[in-house]
There are 2 protein chains.
Amino acid sequence: MNFNPITIRDIAKALGISVSTVSKALRDSYEISDKTKKLVNDYAEQNNYRPNPIAQSLKKGHSKSIGIVVSTIENQFFSQVINGIESVAYQAGFNVIITQTHESYEMELKNVEQLTHHALDGLLISLSTETKDVSHLKHLHQQGLPIVFFDRITNEIETHKVIADNFKGGYDATRQLLNAGYKKIAHITSPPNISITSERFAGYEHALKEVGMDIPSAYIKHCAHGGRDMSEIENALNELLSLKDKPDAIFTTSDRITTTTLYLLTKMGIKIPDDIALVGYTNTTLADVLNPPLTSVYQPAFEMGRKAAEMLLSLILSKHPVTEFETITLPTQLFVRRSTLPKKAL
Amino acid sequence: MNFNPITIRDIAKALGISVSTVSKALRDSYEISDKTKKLVNDYAEQNNYRPNPIAQSLKKGHSKSIGIVVSTIENQFFSQVINGIESVAYQAGFNVIITQTHESYEMELKNVEQLTHHALDGLLISLSTETKDVSHLKHLHQQGLPIVFFDRITNEIETHKVIADNFKGGYDATRQLLNAGYKKIAHITSPPNISITSERFAGYEHALKEVGMDIPSAYIKHCAHGGRDMSEIENALNELLSLKDKPDAIFTTSDRITTTTLYLLTKMGIKIPDDIALVGYTNTTLADVLNPPLTSVYQPAFEMGRKAAEMLLSLILSKHPVTEFETITLPTQLFVRRSTLPKKAL
DNA sequence: TTGAAAGCGATACCAC
DNA sequence: GTGGTATCGCTTTCAA
């Protein structure tokens with residue numbers, strides 16, 4: 001199948017003028033007479049002429065498009081981030097190419113590989129849970145590809161980064177449970193190698209230490225793929241529930257882990273918060289109508305996307321090499337709902 | 001900022017051979033000796049050579065990328081469709097560029113405009129709720145751009161299409177309410193101009209007619225932007241609830257309308273299903289843990305994406321103009337949950 | 001087996 | 001004001 005749009009050369013031929021004149025006329029150059037401009041523009045319009053962006057990209061050395069790598073767009077957190085990115089990119093006339101890793105390191109490699117090298121002006125990335133080695137990105141970064149990290153970042157690469165205040169998110173969630181009278185707080189989270197895990201864990205730990213409590217290591221459960229597979233969470237839950245000293249509350253990180261935990265507990269017939277309280281990270285708009293309404297840590301996802309995109313565009317558009325980088329930390333919000341009802345109220 | 005990856009010319013110069021030899025060696029042409037191939041490939045590997053896809057696209061006349069236009073990826077239905085599309089496109093080595101209309105006709109125009117013309121090998125689109133005129137797409141289609149419609153289609157353009165069985169979805173949902181003993185069934189839906197609205201309405205109507213019931217027009221509410229703005233649904237609900245003859249059940253279409261209706265009814269203190277039963281279209285994985293668990297029409301979104309992408313690729317890859325088109329209809333599934341509990345059980 | 005050169009579409013420098 | 005031409009990086013005849 002082909003698709004043969006008209007080119008600048010067709011216009012030149014049809015009008016009996018040169019291609020350079022046509023090109024300049026279309027770009028409204030001061031060198032071209034109004035008469036010629038009108039002639040060219042009218043013809044272009046009538047024949048539905050559109051410049052071929054590929055040729056423009058090749059010539060200009062940039063593609064006006066940026067790549068995004070996230071684990072999965074089905075996660076509302078990421079779709080909201082993408083909306084934020086898009087809102088900025090669109091304004092600036094940039095295209096956005098989205099790829100998903102589904103939490104696989106291999107997919108991350110492939111996607112980055114596929115996206116990069118001149119077809120992209122910059123990259124926005126949140127690492128997969130499997131990612132431990134970032135040399136694929138280091139390489140590109142050294143070659144000069146502008147990269148901005150968001151959410152799951154690495155400190156092996158010096159560039160702009162945008163994160164939520166993960167420490168505070170973890171702290172607030174845990175503190176809320178403690179204030180509500182829960183004392184045995186388990187934590188189901190992503191693998192320790194990704195940044196958000198350790199930051200949130202630090203907040204959790206700090207809240208517990210603050211009230212002089214220990215963290216029994218049996219209460220910490222890592223899901224290798226951030227809850228991608230339900231079995232990960234099922235196992236964690238089964239282990240927690242078969243402990244002699246069962247937890248009376250759970251703090252979950254990530255949308256997927258949170259909602260799946262809610263689902264599984266419900267299915268097991270465990271009452272929330274009566275049997276076990278639950279607080280989790282989630283950006284779903286449905287937190288209020290869940291059963292029970294879910295106490296949750298909300299991240300400013302849209303804003304994170306906006307900021308990340310703005311920083312990336314500033315790198316792309318900068319005339320000089322950028323050597324000063326910053327890491328923006330956005331506040332999280334704790335929404336208290338029934339899933340962490342104070343113990344005495346039960 | 002720039003980013004200067006090595007080119008085929010650099011390799012040629014470094015090795016003292018011609019660019020055409022390098023090009024052929026890299027593509028493993030039979031014309032080139034093994035020795036030269038090895039030389040070139042080793043050098044390329046060591047210097048991290050990557051072909052510039054823009055130059056390749058310009059030369060070959062295609063970009064190996066397809067565009068997707070949906071209303072919003074925050075809707076799980078669409079993110080699942082996109083996952084399906086991606087799974088097929090990725091296998092075939094195609095990039096996917098996603099854009100969102102946010103239910104605006106103007107955005108649809110802009111996105112399509114931005115996406116098309118040679119930077120794209122094909123387009124997958126679900127129309128915005130505002131779209132009445134599809135001449136922007138007709139144009140492109142006439143010029144030869146392969147297009148496949150999914151979900152919200154138009155019959156003004158002859159090409160492949162993939163939809164869910166919207167009639168049956170509407171019928172099943174309504175029938176379920178009738179079977180459960182509800183008799184006054186309201187319908188909150190998208191504007192009548194989009195295909196899914198009328199198809200689902202027809203199913204609803206058929207189920208009611210079947211049992212000899214009338215459809216009071218006051219029970220049918222259209223949300224101009226498919227529930228994008230909460231106020232649309234709030235108004236619809238207020239009007240329904242102030243009717244002298246209040247409905248005892250509501251059938252909603254679209255994820256957004258469904259979940260927002262649930263949210264608003266809850267906020268108004270209306271008990272579901274006691275005061276009003278609810279059945280809605282939604283692809284959220286959370287239907288089971290909503291309060292109450294929601295009877296819902298589930299669409300095979302991933303499958304829809306797969307099929308649409310396959311059809312698009314077949315158009316793109318076809319050597320001959322395609323003149324026979326088909327419309328695939330995928331089955332929907334009704335999941336019965338507590339929100340439509342039989343009246344007698346209440 | 002290798003290389004020269006044309007060409008994909010648009011841009012921009014330099015002549016005229 | 002207008003036109004010729006080299007160029008972006010790669011592919012592909014066609015000659016050698």
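Labels below follow one simple rule: chain letters A, B, ... track the order of the sequence lines, proteins then strands, and each chain is numbered from 1.
No option in A/I125, A/T154, A/N155 other than A/T154 meets the side chain to side chain contact (heavy atoms under 4.5 Å, CB included) test with A/V134.
Using a 4.0 Å heavy-atom distance criterion, A/T36 is classed as a sugar-phosphate-only contact. As judged by a 4.0 angstrom heavy-atom cut-off over every strand, A/I17 is placed among residues touching the sugar-phosphate backbone only. Here A/T7 lies in heavy-atom contact (under 4.0 Å) with sugar-phosphate atoms only. B/S23 comes within contact range of at least one nucleobase, with a heavy-atom separation under 4.0 Å. Residue contacts for A/E31: at a heavy-atom cut-off of 4.0 Å it reaches a base atom on one of the strands shown.
Whole-Å rounding puts the B/H62 NE2 to C/dG9 P distance at 14 Å. The distance between atom CD1 of B/I54 and atom C1' of D/dT7, rounded to the nearest whole Å, is 15 Å. Going from atom CD1 of A/I32 over to atom P of C/dA10 covers 16 Å, rounded to whole Å. As a whole-Å value, the separation of B/L39 CG from C/dG3 P is 11 Å. In this structure, the CD1 atom of A/I11 is 12 Å from the C1' atom of C/dG9, given to the nearest Å. Here D/dC8 presents its P atom at 18 Å from CG of A/N52, a figure rounded to the nearest Å. Rounded to an integer number of Å, the gap from A/K13 NZ to C/dA10 P is 12 Å. Here C/dA5 presents its P atom at 17 Å from CD1 of B/I8, a figure rounded to the nearest Å.
Between the side chain of B/K60 and the base of D/dT11 there is no donor-acceptor pair of N/O atoms closer than 3.5 Å. Residue-to-nucleotide contacts include no donor-acceptor pair under 3.5 Å from the side chain of A/K59 to the base of C/dG9. Side chain B/S20 to base C/dA4: a donor-acceptor pair is found below 3.5 Å.
When the side-chain nitrogen and oxygen atoms of B/R27 are compared with OP1 and OP2 of D/dT12, one or more of them lie within a distance under 4.0 Å. Residue A/Q56 places at least one side-chain N or O closer than 4.0 Å to OP1 or OP2 of C/dT11. For B/S33, a side-chain nitrogen or oxygen approaches OP1 or OP2 of C/dT2 to under 4.0 Å. Phosphate contact (OP1/OP2 of C/dA10, side-chain N/O of A/Y49, threshold under 4.0 Å): present. Contact between the side-chain N/O atoms of B/T21 and the OP1/OP2 oxygens of C/dG3 is found at a separation under 4.0 Å.
You'll find the side chain of A/V81 stays beyond 4.5 Å of the side chain of A/L124, heavy atoms only. Side-chain contact between B/V40 and B/D42 is absent, with no heavy atoms from C-beta onward closer than 4.5 Å. Side-chain contact between A/Q76 and B/Q76: present, with at least one pair of heavy atoms (C-beta onward) separated by less than 4.5 Å.
Taking every side-chain heavy atom of B/K24 into account, D/dT13 is the closest of C/dA6, D/dT13, C/dT11. Proximity note for A/A55 (side chain, C-beta onward) versus D/dT12, C/dT1, C/dG9: the nearest is C/dG9. Counting only heavy atoms from C-beta on, B/L58 has its side chain closest to D/dG9 among D/dT12, C/dT2, D/dG9. Nearest to the side chain of B/R9, among D/dC8, C/dG3, C/dT1, sits D/dC8.
No side-chain N or O of B/S128 forms a donor-acceptor pair with one of B/E103 less than 3.5 Å apart.
Among all heavy-atom pairs drawn from B/A12 and B/S18, the shortest one is CB-C, 3.7 Å.
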